[in-house]
Amino acid sequence: MENLIKEQVKEVYSSAAEAATPNLCCPTSYNPELLEGLPQEIIDKDYGCGDPSLYVKEGDHVLDLGSGVGKMCYMTAKVVGPSGKVTGVDINTDMLEIATKYKDEMNARENVGKVNFVRAEIQDMKIDLDKVDGYIQKSDISQFSDIKNFNAYLETLRNAPAIPSDSYDVVISNCVLNLVEEEDRRSLVKEIYRVLKPGGRFVISDIVSSKTVPHELKIKDNLWAECLTGSFEEEDFGRVFVKDGFAHVKYENWNNDVWREIEGIDFRSVTLTGFKPVNTVCNNCEYQVIYKGPFNEIIDDLDHKYPKGKRVFVCEETFDHLRSFAGKDFVFINPENKIESTNQEEAACCVSC
């Protein structure tokens with residue numbers, strides 16, 4: 001099944017690089033100011049289901065997984081400005097050819113972050129596939145010793161990853177994770193964790209399913225390659241990130257409109273956000289929060305329990321996160337035992353504020 005899916009995805013997206021395919025992913029609107037000045041070819045041949053650029057801020061170092069023809073990269077370059085940078089990762093050479101064709105032109109603009117692209121699998125971003133192809137072309141791999149040398153070369157690449165560890169403020173992706181084979185998804189989430197700086201965040205727009213997709217539907221026609229039957233089940237999408245260490249994972253946007261319905265299963269777009277903790281173990285728990293209700297108790301992704309009306313000691317990182325996206329639901333008390341006011345408008349804002 002793995003090879004079948006890879007071939008389907010490669011074929012579908014190579015064709016989509018040659019000619020625009022409007023129905024390949026669900027329609028999404030973007031900030032027209034960020035689209036201004038982008039080559040029409042990039043606009044026409046981009047396929048996404050959400051807008052992660054809404055959660056990027058000035059100065060961010062951004063990694064775009066499955067960057068395709070580069071539209072989201074060039075959009076976010078405007079947001080991050082000259083103090084930021086954007087790296088796109090994709091495996092499809094036809095898509096990358098379009099993205100890189102305009103790179104010098106786009107990077108020459110004023111007040112934008114520099115954009116570059118790396119050809120790699122998003123579930124293994126240590127390996128630069130262009131370097132691998134170059135090695136294979138120069139080598140005559142015809143006996144066992146050649147294979148050993150090739151494996152040694154791969155290990156050399158892994159020791160100097162194409163996408164370095166702890167290097168990015170935010171990882172974004174727009175309707176790509178559902179294209180990755182299920183057996184590789186744990187590696188994909190671990191890679192996102194690896195490349196983010198401590199305290200960094202991810203913003204993933206993707207398609208989810210209302211029910212578990214049966215095997216016979218996963219292999220039917222090109223439905224997987226069309227961002228449908230490879231979708232995460234709604235609940236599992238957030239769960240897999242929590243399982244591998246991310247905290248404060250949130251369904252930031254949930255599209256009420258069903259994009260496609262197939263055999264009683266609804267497919268829709270959602271945007272998921274979350275953080276890589278600075279500390280895996282809480283320390284300096286001198287801050288206090290009081291959950292206001294209305295529920296008797298809530299529990300966060302780090303298993304902190306907040307009974308209604310009870311003071312709970314937390315670390316500064318948890319304190320700041322709760323203030324940023326749940327400010328109206330808590331009372332915040334700093335180490336000086338002073339209650340900190342929370343701006344209600346700011347508290348209701350997205351995690352990038």
Side-chain angles (χ1 to χ4, degrees), residues 1-14 17 61-70 72-73 85-104 107 114-173 176-198 200 202 224-225 230 240 244-245 276:
M1 178 176 171
E2 180 178 356
N3 290 334
L4 172 64
I5 288 173
K6 283 185 175 180
E7 287 303 313
Q8 283 182 359
V9 172
K10 181 179 184 300
E11 180 181 342
V12 168
Y13 280 87
S14 291
H61 289 190
V62 180
L63 182 68
D64 182 13
L65 305 184
S67 53
V69 295
M72 189 58 59
C73 289
K85 70 175 183 180
V86 183
T87 302
V89 178
D90 207 287
I91 193 174
N92 190 290
T93 53
D94 297 305
M95 288 282 184
L96 283 170
E97 183 179 352
I98 295 173
T100 55
K101 178 168 64 174
Y102 298 100
K103 187 178 75 169
D104 291 344
N107 281 343
K114 291 296 182 285
V115 176
N116 72 293
F117 297 95
V118 175
R119 183 170 166 253
E121 293 184 307
I122 59 176
Q123 64 267 34
D124 185 5
M125 293 182 282
K126 292 182 179 180
I127 302 295
D128 185 323
L129 294 179
D130 284 338
K131 291 182 179 180
V132 173
D133 286 349
Y135 179 94
I136 293 174
Q137 290 171 6
K138 293 178 182 178
S139 305
D140 181 16
I141 301 179
S142 58
Q143 52 189 356
F144 181 68
S145 60
D146 297 327
I147 297 175
K148 290 180 64 176
N149 291 336
F150 177 64
N151 289 334
Y153 177 70
L154 291 180
E155 192 61 29
T156 299
L157 293 181
R158 291 188 186 281
N159 290 332
I163 305 298
S165 302
D166 304 321
S167 297
Y168 290 89
D169 299 299
V170 56
V171 169
I172 65 174
S173 185
V176 174
L177 270 59
N178 58 70
L179 297 176
V180 175
E181 296 80 4
E182 290 171 306
E183 54 266 36
D184 291 332
R185 289 183 178 174
R186 188 78 187 272
S187 298
L188 169 58
V189 176
K190 287 181 178 294
E191 277 291 85
I192 295 173
Y193 193 94
R194 177 184 69 82
V195 302
L196 276 172
K197 297 176 182 177
F202 69 81
W224 187 296
V240 295
D244 277 307
K276 176 180 177 178

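Position 1 is the first residue of the sequence; numbering continues from there.
Residues meeting the side chain to side chain contact (heavy atoms under 4.5 Å, CB included) test with Val240, sequence neighbours left out: Val189, Phe232.
Shortest non-hydrogen contact noted between Ala162 and Ile127 is CB-C, 4.3 Å. What you find for Ala99 and Gly70 is that their closest heavy atoms are CB-N, 4.0 Å. Across all non-hydrogen atoms, the minimal contact from Ile163 to Leu63 is CG2-CD2, 3.8 Å. When all heavy atoms are compared, the tightest approach of Phe202 to Ile192 is CB-CG2, 4.2 Å. Minimum interatomic distance between Lys103 and Phe117 (heavy atoms only, all atoms of both residues): CD-CD1, 4.2 Å.
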Notebook entry, point to check: Could you walk me through whether Thr156 and Asn159 pass the side chain to side chain contact (heavy atoms under 4.5 Å, CB included) check?
Noted result: CA-CA 5 Å; Thr156 299; Asn159 290 332; 5.6 Å; no

Check: Run the side-chain hydrogen bond (donor to acceptor under 3.5 Å, both in side chains) check on Tyr168 and Thr87 step by step: do they pass?
Finding: CA-CA 9 Å; Tyr168 290 89; Thr87 302; 3.0 Å; yes

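Residue Gln143 holds its CD atom at 9.0 Å from CG of Asn149, rounded to the nearest 0.5 Å. The line from CZ of Arg194 to CD of Glu191 is 4.0 Å long, rounded to the nearest 0.5 Å. Atom NZ of Lys276 sits about 11.0 Å away from atom NZ of Lys197, to the nearest 0.5 Å. In this structure, Ser142 OG and Ile147 CD1 are separated by 9.0 Å, a value rounded to the nearest 0.5 Å. In this structure, NZ in Lys126 is found 6.0 Å from OG in Ser165, a value given to the nearest 0.5 Å. How far CG of Leu65 is from CE of Met72: 12.5 Å, rounded to the nearest 0.5 Å.
No side-chain donor-acceptor contact under 3.5 Å links Arg185 to the backbone of Gln123. In this structure, the side chain of Ser67 engages the main chain of Val89 through a donor-acceptor pair within 3.5 Å. When atom types are taken as modelled, the side chain of Asp169 and the backbone of His61 share a donor-acceptor pair closer than 3.5 angstrom.
With respect to Arg119, the salt bridge (Lys or Arg N to Asp or Glu O under 4.0 Å) criterion is satisfied by exactly one of Asp90, Asp124, Asp133, Asp128: Asp133.
Counting heavy atoms of neighbouring residues, nucleotides and ligands inside a 6.0 Å radius, atom NZ of Lys131 does not exceed 12 of them.
With contacts defined as side-chain heavy-atom distances shorter than 4.5 Å, the pair Leu188/Ile122 qualifies. Between Asp244 and Arg186, some side-chain heavy-atom pair lies under the 4.5 Å cut-off.
Below 30°, between 30° and 60°, or above 60°: for Tyr135 and Phe150 the angle between ring planes is between 30° and 60°, a tilted geometry.
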